[in-house]
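Below, chain A is the first sequence line, B the second, and so on; all start at residue 1.
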Number of protein chains: 2
Amino acid sequence: MTRTGRRPGDSSITRSEVLEAARSTFAEFGYEGATLRRIATAAGVDVALISHYFGNKEDLFIAVHDLPINPSDVADVFDGVDDDAIGDRVARFLLGVLAADNSAAISLMRAASTNASAAAMLREFIDRTLIDPIAAMIDVPDGRERVALVASHLLGVLFARDILGVRELTSASIDELVDAIGPTIHRYLTEPTRSTTAA
Amino acid sequence: MTRTGRRPGDSSITRSEVLEAARSTFAEFGYEGATLRRIATAAGVDVALISHYFGNKEDLFIAVHDLPINPSDVADVFDGVDDDAIGDRVARFLLGVLAADNSAAISLMRAASTNASAAAMLREFIDRTLIDPIAAMIDVPDGRERVALVASHLLGVLFARDILGVRELTSASIDELVDAIGPTIHRYLTEPTRSTTAA
DNA sequence: GAGACAATTCATCATCTGTTGAATTCTACC
DNA sequence: GGTAGAATTCAACAGATGATGAATTGTCTC
């Protein structure tokens, strides 16, 4: 149907359609599994157009994962929260942002499993956006290790729920998950450790 | 060097060498990334030999992941353990078995991220080997959901540590990790929930 | 309305994928 | 010691992959 040459009408739309198609395809199939042709088909576009816009596959991946949270957002989460509610607040914020249909987090997790540079992206994202600001706020000596445990727990829940499809988690609402996980996060962030936690 | 035809000497070794090469290659590259040719090279063998032995790639993957724990092993972990030590015992057992250089768990996690049948394998493994027996033993109404949270946490730590390479976790010893995570697992398994946990 | 340039597709490339069939070399049994 | 069969490699396959260059069609500016 669509012939060669430029389409009539506003053409700035196509680029964002490609991005959207790439996002959901990366999220569903991971880096290697998300074929340029699959993305192109999902976007209703020829393969070559993707290369034309984004150069190569890796640059497309990077463009897609211009990540959803920035450190100051995380800092805002703590604004005026009394200590008792920190766990819930963090849990709700992260689950809300990361488990959303947006699913950039799932996409990154899938890709990170088999692609070293995606793993580095996610690792640095966790570092810069979670560990750095949260550890600075709770201000305890082993703060970074504590936040790393919190992040691990969140990653694990996303993995089990959205990648593996563990029933006990898929059937729970975000509210129920926050209710279950919040206290754990709260303890990791506030409770004294039993001994030296990590190096 | 190696010419066509059967090699002299004991030939039952080769098969296990292929399995070992497949194990580590799957663990490093995931299902799609672990090329038959890559596995063959690692095993010092021609590609066709793999197909000859294992039929196809999926059967090879299944043969490799004849999984390391069985439910009765898990049950034994609780034998004569007083309630206070359950968390540590579970944490040490699972981290010890799953994070070992054996790395079948990492291999499954990597593959599960991009391959639906690998995800199903891991999900069922968690179900049958962790959730079923542990939930039966703690014997509380929402036991399955509690164990699912425990499993999620463990998966998350493995993911963050062995796949992402988060420094705060890679620099910790197994003992330190057990020390940090044990109490959390203990609470998930024994502490009363704040409200209804999940469906 | 002509010319520059952007958007889009088509055709094609070399490379890699899993799998299969035939050929060769060894071992085991009679 | 000859022969059945297993172990192993070689060669080749059809299909998919990411990338590139040329061709076509639209939009915008003067």
Side-chain angles (χ1 to χ4, degrees), chain A residues 1-23 25-26 28-65 110-111 114-118, chain B residues 1-23 25-26 28-65 110-111 114-118:
Chain A
M1 226 33 71
T2 30
R3 281 275 158 65
T4 218
R6 184 173 191 150
R7 291 182 196 161
D10 184 2
S11 54
S12 68
I13 304 172
T14 311
R15 190 176 210 271
S16 61
E17 283 175 341
V18 170
L19 269 179
E20 190 47 46
R23 185 201 313 288
T25 308
F26 278 129
E28 185 172 357
F29 298 102
Y31 185 81
E32 289 85 1
T35 305
L36 288 188
R37 284 162 227 267
R38 234 197 287 241
I39 295 172
T41 303
V45 145
D46 187 89
V47 209
L49 188 61
I50 302 182
S51 301
H52 171 67
Y53 271 138
F54 300 96
N56 59 30
K57 192 179 180 180
E58 179 141 5
D59 285 344
L60 171 64
F61 184 81
I62 291 175
V64 163
H65 292 89
R110 274 220 168 82
T114 54
N115 186 278
S117 44
Chain B
M1 226 35 71
T2 31
R3 279 277 156 63
T4 217
R6 184 173 190 151
R7 293 181 195 162
D10 184 3
S11 54
S12 69
I13 303 172
T14 313
R15 197 192 153 96
S16 61
E17 283 176 341
V18 171
L19 269 178
E20 190 47 46
R23 184 200 316 286
T25 309
F26 278 129
E28 185 172 358
F29 297 102
Y31 186 80
E32 289 84 3
T35 306
L36 288 187
R37 282 163 227 267
R38 234 197 288 240
I39 295 172
T41 302
V45 146
D46 186 89
V47 209
L49 188 61
I50 302 182
S51 301
H52 171 67
Y53 272 137
F54 299 96
N56 59 29
K57 191 179 181 180
E58 179 141 7
D59 285 345
L60 171 64
F61 184 81
I62 292 175
V64 163
H65 291 88
R110 275 220 168 82
T114 53
N115 186 277
S117 46

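With rounding to whole Å, A/R38 atom CZ is found 14 Å from D/dG15 atom C1'. Per the geometry, CD1 belonging to B/I50 stands 13 Å off C1' belonging to C/dT17, to the nearest Å. C/dC26 atom P lies 16 Å from atom CG of B/L49, rounded to whole Å. Rounded to whole Å, the distance from CD on B/E32 to C1' on C/dC16 is 15 Å. Taking atom CZ on A/R6 and atom P on D/dG26, their separation rounds to 10 Å, with Å as the unit. B/R3 places its CZ atom 11 Å from the P atom of C/dC26, with the value rounded to the nearest Å. The distance between atom CD1 of B/I13 and atom P of D/dA6, rounded to the nearest whole Å, is 19 Å. Atoms CD (B/E58) and P (C/dT19) sit 9 Å apart, rounded to a whole Å.
Under the 4.5 Å side-chain criterion, counting only non-hydrogen atoms from C-beta, A/R7 is in contact with A/T14. A 4.5 Å side-chain heavy-atom check between B/T41 and B/R38 finds every atom pair outside the cut-off.
Along DNA chain C, the nucleotide nearest to B/H52 and the one nearest to A/D10 differ in position, and the one closer to the 5' end is contacted by A/D10.
The listed nucleotides are C/dA7, D/dT9, C/dG18; the one nearest the side chain of B/T35 is C/dG18. When distances run from any side-chain atom of A/N56 to the nucleotides D/dA7, D/dA19, D/dC10, the shortest one goes to D/dA19. Listed nucleotides: C/dT9, D/dT9, D/dT27. Nearest to the side chain of B/D46: D/dT9. Ranking C/dA7, C/dG21, D/dA7 by closeness to the B/A48 side chain, first place goes to C/dG21. Side chain of A/R37, nearest nucleotide from D/dT8, C/dG21, D/dT17: D/dT17. With D/dT9, C/dT8, D/dA19 as the choices, the nucleotide that has an atom nearest any side-chain atom of A/Y53 turns out to be C/dT8.
Between the side chains of A/E32 and A/T114, at least one donor-acceptor pair of N or O atoms lies under 3.5 Å. At a cut-off of 3.5 Å, with distance as the only test, a side-chain donor of A/S117 or A/E58 sits close to an acceptor on the other residue.
For B/T4 against D/dT9, a side-chain-to-base donor-acceptor contact under 3.5 Å is present.
If you check every strand for non-hydrogen atoms under 4.0 Å, A/V47 touches nothing. Looking at heavy-atom distances under 4.0 Å, A/L36 makes contact with sugar-phosphate atoms alone, never a base.
Between B/T14 and D/dA7 there is no side-chain polar atom (N or O) within less than 4.0 angstrom of OP1 or OP2. When the side-chain nitrogen and oxygen atoms of A/R7 are compared with OP1 and OP2 of C/dT9, one or more of them lie within a distance under 4.0 Å.
Each of B/I62, B/L60, B/L36 was evaluated against B/F54; a single residue qualifies, B/L60, per the side chain to side chain contact (heavy atoms under 4.5 Å, CB included) test.
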